[in-house]
Amino acid sequence: MNEKRQRADTRTGTAQEGSWNSWPSREALTRQGVPRGRLVLDYSMITALSVWVLVGCYTSGGFDGWYAPLPPLGYGLCLAAALGYHHTTLDHRAAASLGLLGVIALGGLGAYTAGAPTSATVMWIVVCIMAMERLPLPFGLATVAVLVPGFVEADETGFLGAGLTTGTVLLAGYSLRLDAQARGAGFQLLAQERLAREAEAASAALAERARIAREIHDVLAHSLSAQMVHLEVARLQIEAGADRSEILKLVTSARSMAREGLAETRHALSALRGDMVPVEEYLRELAREGRAEVDVSGERRNLPAEASQAVRRVAQEALTNVRKHAPGARTRIRFAYEADEISLEICDSGPPPMAEGGREGQGLGSSGSGYGLLGMRERAELLGGSLDAGPDGPGFAVRLRVPA
């Protein structure tokens, strides 16, 4: 609850400080972030003023005999009121805060009545500065206005001295208020930056989960769906009493797909761990399996994991489409390291003459996996790149460009 409250205070602090009749922010009202030297100076000043007030009371002659214990008792009461005032202003309780300031002001009135005008003036000055620093400005100005007659009465020079005292009080109190607000604004910015970093970390975690989901989806959609189709056909042929060799061919094909899927799963896990073979070596290995030619150009360099995986997945999907729709076609893979991007082009010569009759589904995403090249295009666009696929003469071409 405290953390939520702090965040709520941080979100509303700027709006609060932007209005002259609003409370200072919670960060401004605390002592958080005050340098140690400043704290020592503040406590030394409080001690000096306390001694001054007590000495002034005893030298006035009004606290002799039975009245001697009154100054320390009154000072203790005023100190307790000041501590309570600190907490009531943190909670933005105007009535309680003004009441506690009234206790201190009455202490000053008692000192004045006993013949200690200097001690009374010091106490009233402290009350005014505390009000200007920590209360909404209308309350602070009203407090100063109420105590101005006391300044006039206690000052031997009359209105001139009271005017100087009032001006000094207003300037000192408002300066302390601005200083506290500046410190509070710094802590608000720090809290906002912390929240922004938390949001950025959460966004990065979501992006990483999405990347892992894409990798898993690619592997499963590419291998398991095809295996299920082959095994289902095998089951139907077994029930229909089909030839054993046909059934064995389907089972063997499903086993081969399972082996390929397992290999791709290992590749995906290696990619997620950041432990991958270079892209060009992967392409050469993939080309040996598909009997394709590979041409690599440009100066080799380390690639981001996302760009490297995009190249691998597009190459795999394109070669799978060649095997499905143009078996026996000559295939060429061109991979290039360019200035600020990488490019991949996979072209095939089209189905051999014996297989002519039209390539089925030459449109984007025709692999039949439910994902296909359409998913690869989405992957490329997420990385700020592009993917084009379509007929190229008698064959088919897939071209990928990704910043890297």
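Values below: all heavy atoms of this structure, side chains included; hydrogens, waters and symmetry mates excluded.
Between A404 and A307, the closest heavy-atom pair is CB-CB, 4.3 Å. Among all heavy-atom pairs drawn from I346 and A315, the shortest one is CD1-CA, 3.4 Å. In plain terms, the two heavy atoms of P278 and R300 that are nearest each other are CG-NH2, 2.6 Å. In this structure, F151 and C128 approach most closely via the heavy-atom pair CZ-SG, 3.9 Å. Nearest heavy atoms, V398 versus A389: CG2-CB, 4.0 Å. The nearest pair of heavy atoms linking L100 to G84 is CD1-C, 3.3 Å.
Just one of E338, R334, R399 meets the side-chain hydrogen bond (donor to acceptor under 3.5 Å, both in side chains) condition when paired with S343; it is E338. Only one option out of V314, L303, L383 pairs with V402 in a side chain to side chain contact (heavy atoms under 4.5 Å, CB included); it is L383.
If you check the side chains of T89 and R134, you find a donor sitting under 3.5 Å from an acceptor. Counting only N and O atoms by type, the side chains of S308 and R312 include a donor and acceptor under 3.5 Å apart. Side chain to side chain, E280 and Y337 meet the donor-acceptor criterion of an N or O pair below 3.5 Å. No donor-acceptor contact under 3.5 angstrom links the side chains of E133 and Y174, judged on distance only.
Annotation: side chain of L171 is in contact with side chain of S175 (closest heavy-atom distance under 4.5 Å). Contact of the V296 side chain with the I333 side chain is not registered, since no non-hydrogen atoms from C-beta on lie closer than 4.5 Å. The shortest distance between side-chain heavy atoms of L83 and H86 does not fall below 4.5 Å. Looking at V279 and F335, their side chains come closer than 4.5 Å, going by heavy atoms from C-beta outward. No side-chain heavy atom of E378 sits less than 4.5 Å from a side-chain heavy atom of L387. Proximity of I125 to T168: side-chain heavy atoms (C-beta onward) are nowhere separated by under 4.5 Å. Between R330 and V322, the closest side-chain pair of non-hydrogen atoms is not below 4.5 Å.
For T143 (side chain) and F139 (main-chain N/O), a donor-acceptor pair under 3.5 Å exists by modelled atom type. Under the 3.5 Å distance criterion, the side-chain polar atoms of D348 are matched with a main-chain donor or acceptor of G350. Judged purely by atom type and a 3.5 angstrom limit, Y85 uses its side chain to pair as donor or acceptor with the backbone of M130. Checked by atom type and distance alone, the side chain of W124 pairs as donor or acceptor with a backbone atom of A105 at under 3.5 Å. Within the 3.5 Å criterion, the main-chain N or O of L135 finds a donor-acceptor partner in the side chain of R177.
Between E198 and R194, no side-chain nitrogen of the basic residue sits less than 4.0 Å from a carboxylate oxygen of the acidic one, so the salt-bridge criterion is not met. Taking 4.0 Å as the cut-off between side-chain N and carboxylate O, R197 and E193 count as a salt-bridged pair. At a threshold of 4.0 Å, the pair R235-E232 counts as salt-bridged, since one of the basic side-chain nitrogens sits closer than that to a carboxylate oxygen.
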| query | Please walk me through it: do S119 and Y75 pass side chain to side chain contact (heavy atoms under 4.5 Å, CB included)? | reply | CA-CA 11 Å; S119 298; Y75 174 77; over 6 Å; no
| task | With side chain to side chain contact (heavy atoms under 4.5 Å, CB included) as the test, would you mind laying out the steps for E153 and Y112 before giving the verdict? | result | CA-CA 10 Å; E153 184 67 24; Y112 178 78; 2.7 Å; yes
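One finds the NZ atom of K249 at 9.5 Å from the CD atom of Q237 (value rounded to the nearest 0.5 Å). One distance of note links CG of L286 with CD of E281; it measures 13.5 Å at 0.5 Å rounding. Here the CD1-CD1 distance, from I238 to I247, works out to 4.5 Å after rounding to the nearest 0.5 Å. The CG atom of D388 sits 10.0 Å away from the CZ atom of R401 when rounded to the nearest 0.5 Å. Interatomic distance, L106 CG to M123 CE, rounded to the nearest 0.5 Å: 9.5 Å. Taking CG from L400 and OG from S386, the interatomic distance works out to 7.0 Å, rounded to the nearest 0.5 Å.
Residues passing the side-chain hydrogen bond (donor to acceptor under 3.5 Å, both in side chains) test with T166, sequence neighbours excluded: none. The side-chain hydrogen bond (donor to acceptor under 3.5 Å, both in side chains) test applied to T121 returns no partner, not counting sequence neighbours.
Within a 6.0 Å radius of CD in E239, more than 12 heavy atoms belonging to other residues, nucleotides or ligands are found. Counting heavy atoms of neighbouring residues, nucleotides and ligands inside a 6.0 Å radius, atom CZ of R332 exceeds 12 of them.
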